[in-house]
Visitor: 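Quick one: this structure, given as structure tokens, is what I'll be asking you about.
Chain naming here is simple, since letters A, B, ... match the order of the sequence lines and numbering starts at 1 in each.
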Protein chains: 2
Amino acid sequence: MNAAQEIKDKGLKVTTARVKVLDILQPDGLALSHMELEPMLGKIDRITLYRILNDFEEVGLVHKVIDIDGVTRFALCKHNCTTHHHNDNHLHFNCTACHKMYCMDNLPVTAVNLPKGFKATGQSTIIYGLCSGCN
Amino acid sequence: MNAAQEIKDKGLKVTTARVKVLDILQPDGLALSHMELEPMLGKIDRITLYRILNDFEEVGLVHKVIDIDGVTRFALCKHNCTTHHHNDNHLHFNCTACHKMYCMDNLPVTAVNLPKGFKATGQSTIIYGLCSGCN
DNA sequence: TTGTTTATGCAACAGAGTTGCAAATGTAAG
DNA sequence: CTTACATTTGCAACTCTGTTGCATAAACAA
Ligand SMILES: [Mn+2]
Ligand SMILES: [Mn+2]
Ligand SMILES: [Zn+2]
Ligand SMILES: [Zn+2]
């Protein structure tokens, strides 16, 4: 599906900035940071980018991940996420050489047996090491 | 063991600020943020706290974890970590109500089968939900 | 095309973290 | 117990990340 249609389907106005952001996130499926996105967007204001990404996250177009260096990254949702409800509880791989963060959508997430009293609602796992490009 | 001795054993000078920081991290075993530590330390400068925690991490006295909100936290090492080599690859539990972060030292860490080409050197898992105090 | 709603850009701000440097403190030796 | 050296501390200044208010520009439905 094209970016404009996806944005409209989520109830957001179709603007050039929003289409551009979604177009950039589409191809590789990597989780990108603000620092990486800004130069790819040309003359779009950085505050606008913050707002676009936050809006996209709210409506379930992208999800946010914090990498092993504490950098916030955004990647496309691929699991029919909706407003305020994300279904993409998947693993992430963070390369310690090139710093790319990959969404590992096809790997199983193992549930953990917690001590009495603790109740999990989700979990976030980042595996780090060398990616296929750097290994 | 007392804080001053642990600091000396790691090859660091024993200062009042360092002893105070280690004394605060000792009892509960929680991972604390700068924001939580600063008011507990009295008149110690926030830059000094940054340097103390970084030094402690380098020599294996504490480890750093980034919580689900992106806040950096520090907790005591309990696995004989040494300078530039941490052995405490354990799970963390982050309460979504009280925001406490617990080191789950006794839970097993499940290894993940990665796609060809990817090589893991470690992994960081944060389980979130309600802790025993908030449940 | 017009009018209303929403998004954008800019300025200003707050929080987290780093670096350089002078003054204070810790430590080991005399 | 003093002294001398090495290290740590506090402060100022700075960068980077993220947020908010407000006037203008763009989207879109009528
Ligand atoms: Mn992902
Ligand atoms: Mn821990
Ligand atoms: Zn790589
Ligand atoms: Zn709690």
Visitor: How close or far is atom C1' of dC16(D) from atom CD of Glu38(A), stated in whole angstroms?
Guide: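 In whole Å, dC16(D) C1' and Glu38(A) CD are 11 Å from each other.
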
Visitor: Look at all strands and tell whether Asn54(A) reaches a base, only sugar-phosphate, or nothing, counting heavy atoms closer than 4.0 Å.
Guide: sugar-phosphate

Visitor: Where the side chain of Arg18(B) is concerned, which of dT18(C), dT17(D), dT9(D) is the nearest nucleotide?
Guide: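 Out of dT18(C), dT17(D), dT9(D), the nucleotide with an atom closest to Arg18(B)'s side chain is dT9(D).
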
Visitor: Looking at dT6(C), I'd like to know if its phosphate oxygens (OP1 or OP2) sit under 4.0 Å from a side-chain N or O belonging to Thr15(A).
Guide: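 Indeed not, no polar side-chain atom of Thr15(A) lies that close.
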
Visitor: Let me know the distance between NZ of Lys8(A) and C1' of dA27(D), rounded to the nearest Å.
Guide: 11 Å

Visitor: Given atom CD1 of Ile47(A) and atom C1' of dT20(D), what is their separation to the nearest angstrom?
Guide: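 After rounding, the reported distance stands at 10 Å.
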
Visitor: Just compare dT18(C), dG18(D), dG10(D) and give me whichever is closest to any side-chain atom of Asp45(B).
Guide: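 Taking heavy atoms from C-beta onward, the closest nucleotide is dG10(D).
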
Visitor: Is the closest side-chain donor-acceptor distance between Thr110(A) and Thr110(B) under 3.5 Å?
Guide: no

Visitor: Name the one of Arg73(A), His90(A), Glu57(A) that satisfies side chain to side chain donor-acceptor pair (under 3.5 Å) with His63(A)?
Guide: His90(A)

Visitor: Using heavy-atom distances to pick each residue's nearest nucleotide on DNA chain C, tell me which of Val14(B) and Lys64(B) is more 5'.
Guide: Lys64(B)

Visitor: Using atom CG of Asp69(A) as one end and atom P of dA16(C) as the other, report the distance to the nearest whole Å.
Guide: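 These atoms are roughly 19 Å apart.
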
Visitor: For residues Phe93(A) and Phe118(B), establish whether the separation of their ring centroids is below 6.0 Å.
Guide: yes

Visitor: In whole angstrom, give the distance that lies between atom CG of Asp67(A) and atom P of dT17(D).
Guide: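 For the pair Asp67(A) CG and dT17(D) P, the rounded distance is 11 Å.
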
Visitor: Looking only at side chains, do Asp9(B) and Gln5(B) share a donor and an acceptor under 3.5 Å apart?
Guide: yes

Visitor: Please determine if a side-chain N or O atom of Arg46(A) lies less than 4.0 Å away from the OP1 or OP2 oxygen of dT17(D).
Guide: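 No, Arg46(A) has no side-chain N/O under 4.0 Å of OP1/OP2 on dT17(D).
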
Visitor: Give me the atom names and distance for the closest heavy-atom approach of Leu114(B) to Ala120(B).
Guide: CD1-CB, 3.6 Å

Visitor: Specify the separation, in whole Å, of atom NZ of Lys20(A) and atom P of dA7(C).
Guide: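 It works out to 18 Å between those atoms.
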
Visitor: Tell me whether the side-chain N or O atoms of Lys13(A) pair up with the base of dT5(C) as donor and acceptor below 3.5 Å, since no angle test is needed here.
Guide: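 Checked by distance alone, the answer is yes.
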
Visitor: Measuring to OP1 and OP2 of dA7(C), would you say a side-chain N or O of Thr48(A) lies under 4.0 angstrom away?
Guide: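 No, no such contact exists.
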
Visitor: I need the OH-P distance between Tyr50(A) and dA12(C), as an integer number of Å.
Guide: 19 Å

Visitor: With respect to the phosphate group of dA26(D), does any side-chain polar atom (N or O) of Thr16(A) fall under 4.0 Å of OP1 or OP2?
Guide: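 False: Thr16(A) side-chain N/O out of range (4.0 Å or more) of dA26(D) OP1/OP2.
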
Visitor: Look at the side chain of Arg51(A) and the base of dG9(C), then say whether one donor and one acceptor between them are separated by less than 3.5 Å.
Guide: yes

Visitor: Once you round it to whole Å, what is the distance between P of dA16(C) and CD1 of Ile66(A)?
Guide: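 In whole Å, dA16(C) P lies 14 Å from Ile66(A) CD1.
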
